[in-house]
Colleague: 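I'd like to ask you about the structure that follows.
The figures here come from the full heavy-atom set of this structure, side chains too, leaving out hydrogens, waters and symmetry mates. What you are looking at is a predicted structure, and each value in this text was computed from that prediction instead of being measured.
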Amino acid sequence: MNPTSRHRKIAGVVPAPADLPRLGAGQRVRVGDLTPVGHYRVPTYLRGKKAVIEAIMSPRAVNNEEEGFGRNAGSLGVYYRIAVPMTEIWKDYAGSPGDNLRIEVFENWLEEVDDDRP
């Protein structure tokens, strides 16, 4: 997969709103604190952690979690590359405050963060 801009333009093609990524590069997000049964692709230690979207991956892809149960039916979605601060993962992290863990996460795991909330 290759990163792409949020609104990729192709001459003569107007994408449907549902085909556009719902999140954008630079946006703050939280990894969902989900508890799926069975197959899932997000490490447990990242649940509930805040991150920043670095890139929108292209092309759209099948949700591997749904595919693991044979429920993909050809539906496609967006993967995002996020940067999670190491200090968000380990509160006593002694390295540089700018250190991040980067991971690609499917859209259903990401929640928008309201910066006004504590």
Colleague: Under the 3.5 angstrom rule, does the side chain of Asp114 hit a backbone N or O of Glu112 as a donor-acceptor pair?
Modeller: no

Colleague: Measure across Leu76 and Arg60 and return the closest heavy-atom pair with its distance rounded to 0.1 Å.
Modeller: O-NH2, 3.0 Å

Colleague: Tell me the closest heavy-atom pair linking Glu111 and Asp33, and the distance in Å.
Modeller: OE2-N, 4.3 Å

Colleague: Please check this pair: side chain of Glu88 against backbone of Pro85, looking for a donor-acceptor N/O pair closer than 3.5 Å.
Modeller: no

Colleague: Hey, does the side chain of Arg102 reach the backbone of Arg81 with a donor-acceptor pair shorter than 3.5 angstrom?
Modeller: no

Colleague: Might you work through the side-chain contact (heavy atoms from CB on, under 4.5 Å) test for Leu101 and Leu46, ending with a clear yes or no?
Modeller: CA-CA 10 Å; Leu101 176 142; Leu46 292 180; 4.2 Å; yes

Colleague: Show your reasoning for whether side-chain contact (heavy atoms from CB on, under 4.5 Å) applies to Tyr79 and Glu107.
Modeller: CA-CA 6 Å; Tyr79 279 90; Glu107 61 190 343; over 6 Å; no

Colleague: Can you confirm whether Ile53 sits close enough to Arg28 that some side-chain heavy atom of one is under 4.5 Å from a side-chain heavy atom of the other?
Modeller: no

Colleague: Kindly determine whether Leu110 and Ile82 satisfy side-chain contact (heavy atoms from CB on, under 4.5 Å), including the steps that lead there.
Modeller: CA-CA 10 Å; Leu110 299 178; Ile82 61 171; 4.1 Å; yes

Colleague: Do Val84 and Met86 share a hydrophobic cluster, counting only Ile, Leu, Val, Met, Phe, Trp and Tyr and linking them when any side-chain heavy atoms are less than 4.5 Å apart?
Modeller: yes

Colleague: Look at the side-chain heavy atoms of Ile, Leu, Val, Met, Phe, Trp and Tyr, link any pair under 4.5 Å apart, and say whether Tyr93 and Tyr45 land in one connected group.
Modeller: yes

Colleague: Please report the closest heavy-atom contact between Thr35 and Arg47, naming both atoms and the distance.
Modeller: CG2-NH1, 3.9 Å

Colleague: The test is side-chain contact (heavy atoms from CB on, under 4.5 Å); show your working for Val29 and Leu23 and say whether it passes.
Modeller: CA-CA 9 Å; Val29 293; Leu23 304 168; 4.1 Å; yes

Colleague: Is it true that Tyr80 and Leu34 fall in one hydrophobic cluster, defined by side-chain heavy atoms closer than 4.5 Å?
Modeller: yes

Colleague: Describe, in one word, how the ring planes of Tyr40 and Trp109 are oriented to each other, choosing from parallel (under 30°), tilted (30 to 60°) and perpendicular (over 60°).
Modeller: tilted

Colleague: Could you grab the distance from atom CD1 of Ile56 to atom CD of Gln27, nearest 0.5 Å is fine?
Modeller: 9.0 Å

Colleague: Roughly how far apart are Met57 CE and Glu104 CD, rounded to 0.5 Å?
Modeller: 4.0 Å

Colleague: When hydrophobic residues are tied together by side-chain contacts of less than 4.5 Å, even through go-betweens, does Val42 share a cluster with Ile103?
Modeller: yes

